Number of protein chains: 2
Amino acid sequence: MGVFSKTCEYGIRAVLYIAHRTIDGSRVGIKEIAAEIDSPESFLAKILQDLSRKGLIQSMKGPNGGFYVEAENLQRPLADIVTAIDGEEVFSGCGMGLTHCSEKNPCPLHKEFKKVRNQLAHMMNTTTIGQFNKELLKGSVTLRK
Amino acid sequence: MGVFSKTCEYGIRAVLYIAHRTIDGSRVGIKEIAAEIDSPESFLAKILQDLSRKGLIQSMKGPNGGFYVEAENLQRPLADIVTAIDGEEVFSGCGMGLTHCSEKNPCPLHKEFKKVRNQLAHMMNTTTIGQFNKELLKGSVTLRK
DNA sequence: ATATATAAAGACCTTTATATCCTTTATTGG
DNA sequence: CCAATAAAGGATATAAAGGTCTTTATATAT
């Protein structure tokens, strides 16, 4: 188990892929996305359907249809994808699973774990969907394997 | 979904509970442990059975039997519990699930995610099983709810 | 020795995550 | 309008995580 669910991992990869492939206003189909981020096609379809309903990405049916990312969404943080799919827990939950863990009622790890959580949250909140477009086009970073 | 699996969360809580309850050389039974860390008893039994096989905790059958932690194990890091239950992935895996993500073949988040991972790993490697005994005895930290 | 307390072990069951497939709906170009 | 294309939606399958129950093995006290 990683930090995010598999669904979420595919979601992040797919959104970044779509973003960099459609800055020119074009659209990209599920087949290509699935192939390029190495994910099961029909499972990914479900994920993108969900992200599209939630407005994180856009879609269009029919010939020349496909998925794309609106300009304004390029500024949204990756944390929004995580929250949409996995929820807030990873950014705010107790490290050892206590539901009432807090400053006043802390688990043993509370202080230290909070630092880690906050670093993760900060990173995901300051990293945007569009931020890697250049590097992805250059090929200096990868989304598959 | 939290950072660790539920199994792992119960495991950490239970081990810390056992540690502070058995510094005097006594043993503590599954019923008490489950009640005090608020976990399903027979599920926890499985988890402790596993941790005991792996040597992280000790156990004894029969009257006055139960679980306990050897003095030497009090020095072991919590990371050992996580690794025993969830594996290494949370400490070393790619944030977006790429199996070949590395310095040479990095995902977009590689650098930043690595920092978070490392902070988590560092924290869990420098925190020991016995470290919270006093606070748990005092009641200044909690393991339930 | 026997009765009893306790963990170990193994066989289940339930729920959630992951994944596939088939049908429907929307869009477009001719 | 028609045919082709591509996503949406729904039903279902499979695997993994989470959880329960019953029986067995082992230690202790009497």
Side-chain angles (χ1 to χ4, degrees), chain A residues 1-15 18 21-22 26-35 37-69 82 84-87 89-90 96-97, chain B residues 1-15 17-18 21-22 26-35 37-69 82 84-87 89-90 97:
Chain A
M1 206 188 56
V3 169
F4 308 124
S5 69
K6 232 157 198 344
T7 307
C8 192
E9 290 174 350
Y10 291 146
I12 296 171
R13 305 220 298 269
V15 171
I18 298 167
R21 271 287 281 103
T22 61
S26 65
R27 283 147 226 154
V28 57
I30 186 74
K31 264 206 176 60
E32 175 181 333
I33 305 168
I37 70 164
D38 191 37
S39 79
E41 188 182 317
S42 34
F43 186 42
L44 184 62
K46 288 290 178 215
I47 299 168
L48 295 186
Q49 195 180 314
D50 179 45
L51 291 177
S52 168
R53 254 188 269 110
K54 289 176 176 157
L56 278 156
I57 57 175
Q58 284 59 52
S59 74
M60 192 94 126
K61 292 181 184 180
N64 298 312
F67 296 90
Y68 61 104
V69 176
V82 175
I85 298 175
D86 283 350
E89 200 185 340
V90 73
M96 42 180 83
Chain B
M1 205 189 56
V3 169
F4 306 125
S5 69
K6 231 151 199 350
T7 306
C8 192
E9 290 174 350
Y10 292 145
I12 296 171
R13 306 222 295 271
V15 171
Y17 183 80
I18 298 167
R21 273 286 281 103
T22 61
S26 64
R27 283 147 223 153
V28 57
I30 186 74
K31 266 205 175 60
E32 174 181 333
I33 306 167
I37 71 164
D38 190 38
S39 80
E41 188 182 318
S42 32
F43 186 40
L44 184 62
K46 286 292 177 216
I47 300 167
L48 295 187
Q49 195 180 315
D50 179 45
L51 292 177
S52 166
R53 253 189 269 108
K54 289 174 175 158
L56 279 157
I57 57 175
Q58 284 60 52
S59 74
M60 192 94 127
K61 292 183 186 179
N64 300 313
F67 297 90
Y68 61 103
V69 176
V82 175
I85 298 175
D86 283 349
E89 200 185 340
V90 74

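None of these values were measured; they are calculated from a predicted model. Naming convention: chains lettered A, B, ... in sequence-line order (proteins, then strands); numbering from 1 in each chain.
- What separates CZ of A/Phe43 from P of D/dA13 is a distance of 18 Å, to the nearest Å.
- Neither OP1 nor OP2 of C/dA7 sits under 4.0 Å from any side-chain N or O of B/Ser59.
- Rounded to an integer number of Å, the gap from A/Glu9 CD to C/dA19 P is 10 Å.
- When the P atom of D/dA17 is taken as reference, atom CG of B/Asp86 falls 9 Å away, rounded to whole Å.
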Pairwise N/O distances under 3.5 Å, protein to nucleotides 23-27 of chain C:
from	atom 1	to	atom 2	distance (Å)
C/dT25	O2	A/Lys61	NZ	3.3
C/dA26	O4'	A/Lys61	NZ	3.3

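- Taking B/Glu32 as the reference, B/Tyr17, B/Arg21 meet the side chain to side chain donor-acceptor pair (under 3.5 Å) condition, with sequence neighbours excluded.
- Distance B/Lys54 NZ to C/dA7 C1': 17 Å, rounded to the nearest Å.
- Closest approach of B/Ala14 to B/Ile33, counting heavy atoms only: CB-CG2, 4.0 Å.
- Counting heavy-atom neighbours within 6.0 Å of A/Lys54 NZ, excluding the residue itself, gives a total above 12.
- A donor-acceptor contact shorter than 3.5 Å links the side chain of A/Arg27 to the backbone of A/Asn64.
- Proximity of A/Tyr10 to the phosphate of C/dT18: no side-chain N or O atom is located under 4.0 Å from OP1 or OP2.
- Between D/dA8 and A/Ser52, a contact under 4.0 Å exists linking OP1 or OP2 to a side-chain N or O.
- Atom C1' of nucleotide C/dA8 and atom CG of B/Asp50 are separated by 12 Å, given to the nearest angstrom.
- Closest approach to the A/Ser42 side chain among C/dT20, C/dT18, D/dT20 is made by C/dT20 (side chain taken as heavy atoms from C-beta onward).
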Q: Go through the steps to decide whether B/Val15 and B/Leu56 satisfy the test side chain to side chain contact (heavy atoms under 4.5 Å, CB included), and finish with yes or no.
A: CA-CA 8 Å; B/Val15 171; B/Leu56 279 157; 5.7 Å; no
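- Here A/Arg27 does not reach the OP1 or OP2 of D/dA7: none of its side-chain N or O atoms lies under 4.0 Å away.
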Hey, what are the protein-to-nucleotides 10-14 of chain C N/O distances that come in under 3.5 Å?
from	atom 1	to	atom 2	distance (Å)
C/dG10	N7	B/Lys46	NZ	2.6
C/dG10	O6	B/Lys46	NZ	2.7

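- A/Leu48 comes within contact range of no nucleotide atom at all, as no heavy-atom separation falls under 4.0 Å.
- Taking atom CD1 of residue A/Ile18 and atom C1' of nucleotide D/dA7, one finds them 12 Å apart after rounding to whole Å.
- Under the 3.5 Å distance criterion, the side-chain polar atoms of A/Asp86 are matched with a main-chain donor or acceptor of A/Ser5.
- Closest approach of B/Tyr10 to B/Asp38, counting heavy atoms only: CE2-O, 4.3 Å.
- Across the protein-nucleic acid pair, A/Lys6 atom NZ and D/dA15 atom C1' stand 13 Å apart, rounded to whole Å.
- The CD atom of A/Gln58 sits 14 Å away from the C1' atom of D/dA7 (whole-angstrom rounding).
- By the 4.5 Å heavy-atom criterion applied to side chains, B/Asp50 and B/Thr7 are not counted as neighbours.
- Considering every non-hydrogen atom in both A/Val82 and A/Cys8, the closest pair reads CA-SG, 3.7 Å.
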